Amino acid sequence: MTAATGPASYAHWSLWFDEFALGGNDEALFVRATSGALPWSAGTAERLSERAGAALAARLDAAGLALQSSLGRCRTAQDVERAVLDARRCLAMLGRFAALSCWPATLNTQLSALIAETAADLQKNLLRSAATDRTGRLAMALRRTPVDALDRVVVPLEVVPSPPPPATGRRILL
């Protein structure tokens, strides 16, 4: 398997899932996955589904822990909203994993349902813990920016650096 061809065998996909579960290189992994060939047969279908689900579950757990850590450092309602928006972006990126064109439709549906279920559980738990806030600001911030509103997130397909602004006027050299 090369970066250009993508995974083609169960062993290659196994390595791909291991790398995805660790996180950090999603864009390159998505490109490799779409250029690969999924060996979907009666013998490998169940194992590939399990591996995809396990990799996604690992990333969902990491996203939940990151949200919990971020919320532990929050001091204002704006900090809470920022932490929730970061978690929502992470879940939306995982939604791209679930929607990869190389998966069969049944696997797409299962993975998407797992993400939606996790997001709904996170939102429910956050609102439950916000009920102890006597001011109500935390609950209001969580209702204003729910974790499970994944359809409101736009995940860029590719990060393109902007060109530097043109130099205008005088330059002062010291």
Side-chain angles (χ1 to χ4, degrees), residues 1-73 81-126 142 145-164:
M1 170 185 69
T2 65
T5 60
S9 68
Y10 178 80
H12 293 151
W13 277 103
S14 183
L15 294 172
W16 189 94
F17 286 129
D18 290 342
E19 193 174 343
F20 179 77
L22 295 175
N25 196 13
D26 294 335
E27 290 300 326
L29 286 171
F30 291 162
V31 169
R32 281 184 18 215
T34 55
S35 66
L38 191 64
W40 201 259
S41 65
T44 61
E46 185 177 337
R47 290 185 301 174
L48 284 168
S49 295
E50 288 173 2
R51 291 300 307 264
L56 180 60
R59 291 291 297 273
L60 288 170
D61 290 344
L65 290 173
L67 175 60
Q68 186 178 11
S69 175
S70 295
L71 289 173
R73 292 187 302 270
E81 289 176 354
R82 190 173 301 114
V84 168
L85 289 174
D86 288 344
R88 197 191 300 171
R89 270 188 225 98
C90 180
L91 292 173
M93 179 62 75
L94 295 177
R96 287 186 56 205
F97 166 77
L100 283 173
S101 60
C102 59
W103 307 141
T106 56
L107 186 57
N108 282 39
T109 305
Q110 291 171 352
L111 297 175
S112 296
L114 180 60
I115 294 168
E117 179 183 324
T118 301
D121 288 346
L122 282 172
Q123 180 67 19
K124 184 176 65 173
N125 291 336
L126 288 172
L142 291 171
T145 55
V147 175
D148 57 353
L150 300 177
D151 57 338
R152 297 183 197 171
V153 179
V154 177
V155 178
L157 296 178
E158 184 178 326
V159 177
V160 178
S162 59

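Bear in mind that the values here come from a model prediction, so they are computed numbers and not experimental data.
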Q. Hey, are the side chains of L100 and L111 touching, using non-hydrogen atoms and a 4.5 Å cut-off?
A. no
Q: Starting at CZ of F17, measure out to CG of L22 and round the result to the nearest 0.5 Å.
A: 13.5 Å
**Q.** Side-chain donor/acceptor of S70 to backbone N/O of A66, under 3.5 Å
**A.** yes
Q | Distance-minimising heavy-atom pair for T145 and V84 | A | O-CG1, 2.8 Å
Q. What's the shortest heavy-atom distance between L107 and A52, and which atoms?
A. CD2-CB, 4.2 Å
(Q) For the OG1 atom of T118 and the CG atom of L56, what is their distance to the nearest 0.5 Å? (A) 7.0 Å
**Q.** Main-chain N/O of R32 paired to S35 side chain as donor or acceptor, under 3.5 Å
**A.** yes
Q: Give the minimum heavy-atom separation between E19 and L29, together with the two atoms involved.
A: CD-CD2, 3.7 Å
Q: Report yes or no: does S14 contribute a side-chain atom to a donor-acceptor pair with the main-chain N or O of Y10 at less than 3.5 Å?
A: no
Q | S49 side, atom OG; W40 side, atom CH2 - distance, nearest 0.5 Å | A | 3.0 Å
Q | Pairing of R88 and E81 as salt bridge, 4.0 angstrom limit | A | no
(Q) Which label fits W103 and W16: parallel for a plane angle under 30°, tilted from 30 to 60°, or perpendicular past 60°? (A) perpendicular
(Q) Could you measure the distance from the CD atom of E117 to the CG atom of L122? Nearest 0.5 Å is fine. (A) 11.0 Å
Q: Answer whether the closest heavy-atom distance between the side chains of L48 and P39 falls below 4.5 Å.
A: yes
Q. Can you tell me how far OG1 of T44 sits from CD of E50, rounded to the nearest 0.5 angstrom?
A. 11.5 Å
**Q.** Where A98 and I115 come nearest, the two heavy atoms and their spacing
**A.** CB-CD1, 3.9 Å
**Q.** Considering all heavy atoms, the nearest D148-A120 contact
**A.** CB-N, 3.9 Å
Q.
For a 4.5 angstrom cut-off between non-hydrogen side-chain atoms, does L60 reach L91?
A. yes
Q: Kindly assign one of parallel, tilted or perpendicular to the pair F20 and F30, based on the angle between their ring planes and the thresholds 30° and 60°.
A: tilted
Q: Would you please name every residue forming a side-chain contact (heavy atoms from CB on, under 4.5 Å) with N125, sequence neighbours left out?
A: R128
(Q) Could you report the tightest heavy-atom contact between L142 and Q123, atom names first, then the distance? (A) O-NE2, 3.2 Å
(Q) Checking the side chain of W13 only, and the main-chain atoms of A37 only, is there a donor and an acceptor separated by less than 3.5 Å? (A) yes
Q) Taking the side chain as C-beta and beyond, is there a heavy-atom pair between L85 and R82 under 4.5 Å? A) no
